[in-house]
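No hydrogens, no waters, no symmetry mates; every other heavy atom, side chains included, goes into these values. Counting starts at 1 for both ligands and their atoms, in listed order.
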Amino acid sequence: MAPPLPILHLLLLLLLLLLSLRLSSSDLLSLRRGSSLSVENPSDVLVSPAGAFSAGFFGVGENAYTFAIWHGGPNCTGPSCVPVWMANRGVPVNGKGSRLSLTDNGNLVLSDAGASTAWSSDTVPSKAARLQLNDTGNLVLAGENGEALWQSFDFPTDTLLPTQVMKRDTVVISSRSRSNYSEGFYSLYFNDDNVLHLIFNGPTFSSSYWPFPWARPQDLGRFVYNSSRSAVLDPLGYFLSSDEYKFYSSDYGVVIPRRLTVDPDGNLRVYSLDTATKNWSVSWEAFSNIPCFIHGVCGNNSLCSYDRTLGRSCSCVPGYERVDPDDWSLGCRPTFELSDSCGSDVGFVKVLYVDFYGYDYDTVPNTTLDNCQKMCAESCSCRGFQYTLSSSDTHDAYDCYLKIELLNGHNLPSFSGEFHLKVNKSVTFTTDQLERRTRYNCTGVQKEVLDRRYPQKGKNGVVNFMLWFAIAVAAIEILVVFVVWFFFFRNQQDITAASHSYFLAATGFQRFTYDELKKATKNFSQEIGRGSGGIVYRGVLPDNRVAAVKLLNEAITGEADFLAEVSTIGKLNHMNLIEMWGYCAEGKHRLLVYEYMEHGSLAENLSSQELDWRRRSDIALGTAKGLAYLHEECLEWVLHCDVKPQNILLDSEYHPKVADFGLSKLMDRGKGTNSDFSRIRGTRGYMAPEWVSNLPITAKVDVYSYGIVMLELVTGMNPATSVHSLEGRGDVKHIRLVTWARQKMQESASNPSGVDEMVDPILEGNYNRKKMEILIQVALQCVAEDKDTRPTMGQVVEMLLRHDNNDL
Ligand SMILES: *[C@@H]1O[C@H](CO)[C@@H](O)[C@H](O)[C@H]1NC(C)=O
Ligand SMILES: *[C@@H]1O[C@H](CO)[C@@H](O)[C@H](O)[C@H]1NC(C)=O
Ligand SMILES: *[C@@H]1O[C@H](CO)[C@@H](O)[C@H](O)[C@H]1NC(C)=O
Ligand SMILES: *[C@@H]1O[C@H](CO)[C@@H](O)[C@H](O)[C@H]1NC(C)=O
Ligand SMILES: *[C@@H]1O[C@H](CO)[C@@H](O)[C@H](O)[C@H]1NC(C)=O
Ligand SMILES: *[C@@H]1O[C@H](CO)[C@@H](O)[C@H](O)[C@H]1NC(C)=O
Ligand SMILES: *[C@@H]1O[C@H](CO)[C@@H](O)[C@H](O)[C@H]1NC(C)=O
Ligand SMILES: *[C@@H]1O[C@H](CO)[C@@H](O)[C@H](O)[C@H]1NC(C)=O
Ligand SMILES: *[C@@H]1O[C@H](CO)[C@@H](O)[C@H](O)[C@H]1NC(C)=O
């Protein structure tokens with residue numbers, strides 16, 4: 001077996017050499033001094049030595065051409081044909097008579113229709129001997145000795161290629177749109193603070209949005225004192241900037257064609273080329289599930305909303321209409337007259353779940369709604385105001401933000417403040433109009449999907465054959481080694497060894513090794529809980545973060561299913577959902593790493609004095625918001641299936657976060673009901689009647705469980721164990737918590753203190769009875785036997801919020 005191998009290798013090498021010679025003989029490798037490329041000759045294309053890149057005339061419209069560089073061979077067709085550099089992006093040249101010439105005095109000139117100069121390298125006079133394209137995609141004007149006198153890598157358009165260094169003065173500017181390659185509104189550059197920024201530079205305003213403008217860059221992990229200002233993506237998919245910002249593409253570890261592009265939608269993305277399908281797919285992006293944080297998206301007076309399946313969309317605020325139906329960046333204008341926008345003639349309309357970033361001309365802390373409204377009404381430049389619970393730690397103080405412009409508007413389901421829009425008092429809005437505007441529109445638009453598949457290798461035609469040949473030779477070699485290895489070490493198999501470098505950096509979470517987690521949890525010594533499918537341990541990660549590490553029961557799933565579920569869970573991001581930091585899938589071990597919650601679960605706290613009324617109502621609302629996020633807002637429909645006090649965790653401030661979601665099978669919204677739910681899930685006492693009665697399982701099972709948890713939160717009684725007595729007509733009946741609560745509520749209609757009898761005595765009567773009644777009523781609606789009469793989680797949030805606000 002051994003002797004033929006070296007001979008095969010040699011043969012292979014020779015064949016490859018021949019192949020590359022054959023490829024290159026017909027293609028243009030360099031442009032000599034005094035010669036030129038013509039737009040009219042399709043074969044006038046420069047090809048890099050190994051054929052990785054080509055440079056030539058590229059059509060951008062009807063009889064409009066630019067001189068561009070693209071991946072692959074001279075014929076630029078199909079989805080892989082994306083220009084990565086352009087000489088004249090904003091000034092296309094004519095399809096007749098235009099030429100790119102290397103003049104006798106060493107200047108590179110692009111002439112339009114043989115007359116005017118559309119672009120030039122401005123290298124006169126120079127010793128330039130030839131123009132050549134490197135296999136990195138760099139177009140180089142080289143001197144006699146190969147020194148670079150000018151190179152395209154110094155003048156990027158909207159894309160950086162691997163090894164292309166982003167320097168001090170480099171500005172990467174997006175295209176206007178996917179089909180219009182002129183300069184657009186978004187730029188990537190190093191700011192004076194030495195930090196890499198993304199900025200929106202629109203026709204009427206500009207605004208930096210990355211890193212997030214509301215925090216200092218140093219608080220977001222950026223290093224502000226390295227003034228060397230450079231950044232580069234390496235060929236394996238690792239990006240490192242001198243401000244210490246770094247990331248790995250999701251397919252990190254293999255050398256495949258990639259590009260880092262500032263897209264026309266303001267997102268910064270790494271694309272990887274799937275050489276088999278010739279498709280570009282996203283392997284990293286700066287904004288994955290929060291693209292509405294990109295500024296300038298929807299223009300003036302409009303709201304950006306995002307949904308993971310449908311993408312990003314814009315809508316006007318109530319009473320406004322689009323300025324230009326084809327261009328959202330121009331925003332919206334009022335449909336009503338507001339000539340005299342101050343004084344007593346103006347009215348306000350309240351919109352929920354919206355935030356407008358910036359443009360506050362005044363901020364008044366701790367004030368009343370009336371006062372805030374009065375200030376806005378009196379000021380002619382005020383366009384509306386935000387009225388929000390104070391961010392300082394004091395209870396029940398509200399701050400007023402008066403807005404001079406309504407820009408960077410954003411529909412944010414978790415945003416608890418209210419926005420009051422200034423309108424003409426004579427205009428009326430139907431509730432439908434208001435509700436529709438504050439909700440996501442679930443129809444329309446497509447989106448970029450973050451591709452997390454492992455890259456598949458493959459090349460065209462003959463190269464493909466050679467590759468397979470090489471693979472076959474290698475396979476024989478490996479087989480020999482493997483057979484030996486198998487017989488000696490077959491118990492040591494580790495299916496994941498090959499994929500260790502697979503990072504899910506894009507969503508901010510990470511793969512851990514089993515050893516790391518074993519060390520972090522001190523050999524799984526500190527148990528903090530037992531949930532469905534596994535035991536949870538406290539751990540301290542290598543970067544000193546305290547984490548909760550869940551060791552899943554070994555039988556749970558295969559690696560691929562596990563990774564698929566984990567990446568879905570990792571993308572869910574809400575202040576009332578527990579955050580997943582990472583996972584480990586190694587051999588038979590499956591672990592999940594979550595943020596650590598200081599106060600443990602609601603179950604552990606129910607009998608504690610610490611849970612006063614304010615905290616309890618906060619837990620009710622927060623839990624509802626978390627579940628509503630899982631169920632609705634056009635997101636993938638994730639059923640929790642095991643809502644109970646053990647799965648509601650409390651942080652240091654006793655704010656609730658729902659845990660253990662997504663471990664039950666993720667449901668596809670389109671399928672509606674799902675027959676995969678053959679096994680009964682959930683916990684006795686909290687389970688909806690559908691589970692036992694063979695009815696379809698929908699999001700309403702979580703609504704039911706939520707209702708039970710709320711009753712428990714209010715009464716302090718465990719639904720699984722407590723049995724209640726009800727006296728009626730002389731005999732004593734033993735009934736469940738729900739029936740008991742329903743009876744008590746009915747009684748309270750005639751006897752208001754009925755509510756007080758239900759409430760947990762630990763509260764010692766310290767609560768707002770009106771709000772308590774509402775909470776119990778909502779809980780009782782949630783536990784209706786008929787699932788169709790139960791509200792959705794979104795409606796629960798609205799009911800709780802609505803009454804919260806009425807009390808102000
Ligand atoms: C490129 O296209 C030209 C005609 O447009 C054709 O003659 C040539 O064979 C093509 N080359 C390749 C490599 O497909
Ligand atoms: C271009 O490629 C050649 C050969 O690989 C190399 O010697 C040269 O340094 C490269 N030039 C630049 C500017 O990258
Ligand atoms: C591309 O956008 C620029 C700037 O907005 C505009 O002037 C130009 O007409 C557009 N070109 C095409 C082909 O639409
Ligand atoms: C600054 O950044 C450069 C490039 O990333 C790096 O080589 C250098 O070590 C950094 N200097 C400091 C002081 O961190
Ligand atoms: C990717 O390739 C597949 C198969 O060739 C094709 O069906 C699909 O439409 C392509 N996707 C994109 C975004 O071009
Ligand atoms: C926003 O819209 C108002 C009219 O509603 C207009 O007067 C103002 O100039 C616009 N501002 C920007 C930045 O477009
Ligand atoms: C409100 O609209 C009416 C008619 O539509 C108009 O007469 C009135 O002046 C407007 N009020 C303000 C404050 O602009
Ligand atoms: C807010 O104002 C009220 C009444 O003016 C006052 O009692 C309360 O202490 C203030 N709260 C804060 C945090 O300043
Ligand atoms: C949702 O958007 C689609 C198209 O984007 C539109 O036709 C439809 O009217 C919108 N629906 C609502 C309720 O706004």
Side-chain angles (χ1 to χ4, degrees), residues 58-66 68 83 86 88-95 112 118 157-158 160 162-170 173-187 190-191 193-196 200-204 217-218 221-234 238-247 263-266 296 299 318-321 323-324 326-330 333-349 373-374 376-384 421-429:
F58 177 87
V60 293
E62 184 77 30
N63 195 36
Y65 290 83
T66 60
M86 282 184 175
N88 52 323
R89 64 191 301 193
V91 275
V93 294
N94 201 295
D112 186 7
T157 51
D158 64 348
L160 291 171
T163 73
Q164 179 173 8
V165 179
M166 167 116 198
K167 301 205 184 100
R168 250 192 125 65
D169 304 319
T170 310
I173 304 174
S174 72
S175 293
R176 189 70 181 82
S177 72
R178 299 235 177 238
S179 53
N180 185 343
Y181 297 94
S182 326
E183 281 185 6
F185 297 142
Y186 296 96
S187 311
F190 276 105
N191 201 353
D193 58 3
N194 297 321
V195 168
L196 207 51
F200 168 75
N201 251 322
T204 52
Q218 48 270 54
R222 306 295 187 92
F223 182 67
V224 296
Y225 302 115
N226 189 337
S227 47
S228 70
R229 298 188 198 170
S230 71
V232 67
L233 178 69
D234 81 4
Y238 174 60
F239 179 88
L240 178 65
S241 160
S242 57
D243 64 9
E244 295 183 359
Y245 184 75
K246 45 182 171 281
F247 66 78
D263 277 327
D265 64 3
Y320 281 65
E321 64 183 7
V323 170
D324 178 348
D326 297 322
D327 190 355
W328 267 114
S329 67
L330 298 174
R333 61 174 164 235
T335 54
F336 49 83
E337 199 184 320
L338 198 60
S339 49
D340 188 15
S341 66
C342 37
S344 57
D345 227 17
V346 300
F348 289 90
V349 51
Q373 190 157 323
K374 192 160 149 276
C376 185
E378 282 169 359
S379 158
C380 298
S381 51
C382 181
R383 311 284 321 284
L421 182 70
K422 193 188 247 181
V423 294
N424 184 323
K425 205 171 193 168
S426 60
V427 231
T428 49
F429 297 93

Check: Taking NZ, NE, NH1 and NH2 as the nitrogens, is one of them in Arg229 or Asp243 under 4.0 Å from a carboxylate oxygen of the other?
Finding: no
Next item on the list: Would you mind reporting whether Tyr181 and Thr157 have side-chain heavy atoms less than 4.5 Å apart?
Entry: no
Notebook entry, point to check: Hey, which atoms in ligand 3 end up nearer than 4.0 Å to a heavy atom of Asn180?
Noted result: 1 (C), 2 (O), 3 (C), 8 (C), 10 (C), 11 (N), 12 (C), 14 (O)
Note to self: So Leu240 and Val232, do their side chains get closer than 4.5 Å, heavy atoms only?
What the structure shows: no
Next item on the list: Say whether, by atom type as modelled, one donor and one acceptor occur between the side chain of Ser242 and the main chain of Ser230 under 3.5 angstrom.
Entry: yes
Note to self: Using a 4.0 Å cutoff against the non-hydrogen atoms of Ser182, which atoms of ligand 3 qualify?
What the structure shows: 1 (C), 2 (O), 3 (C)
For ligand 4, run through the N/O pairs with the protein that fall under 3.5 Å and put one pair on each line.
from     : atom 1 : to     : atom 2 : distance (Å)
ligand 4 : 2 (O)  : Asn226 : ND2    : 2.3
ligand 4 : 2 (O)  : Ser228 : OG     : 3.2
ligand 4 : 11 (N) : Asn226 : ND2    : 2.9
ligand 4 : 14 (O) : Asn226 : ND2    : 3.4

Note to self: Would Gly61 count as a contact residue for ligand 3, given that I'm defining contact as a non-hydrogen atom of the residue lying under 4.0 Å from a ligand atom?
What the structure shows: no
Margin query: Can you tell me how far apart CE (Met166) and CG (Leu160) are? Round to the nearest 0.5 Å.
Written below: 6.5 Å
Next item on the list: Provide the number and element of each atom of ligand 7 under 4.0 Å from a heavy atom of Ser426.
Entry: 1 (C), 2 (O)
Item checked: Salt-bridge present (Glu321, Arg333; N to O < 4.0 Å) -> yes
Note to self: Show the atoms of ligand 7 that are less than 4.0 angstrom away from any heavy atom in Asn424.
What the structure shows: 1 (C), 2 (O), 3 (C), 8 (C), 10 (C), 11 (N), 12 (C), 14 (O)
Check: Relative to the ring of Phe200, is the ring of Tyr186 parallel (under 30°), tilted (30 to 60°) or perpendicular (over 60°)?
Finding: tilted
Notebook entry, point to check: Regarding Arg168 and the six-membered ring of Phe190, is the cationic atom NZ or CZ under 6.0 Å from the ring centre and inside 45° of its axis?
Noted result: no
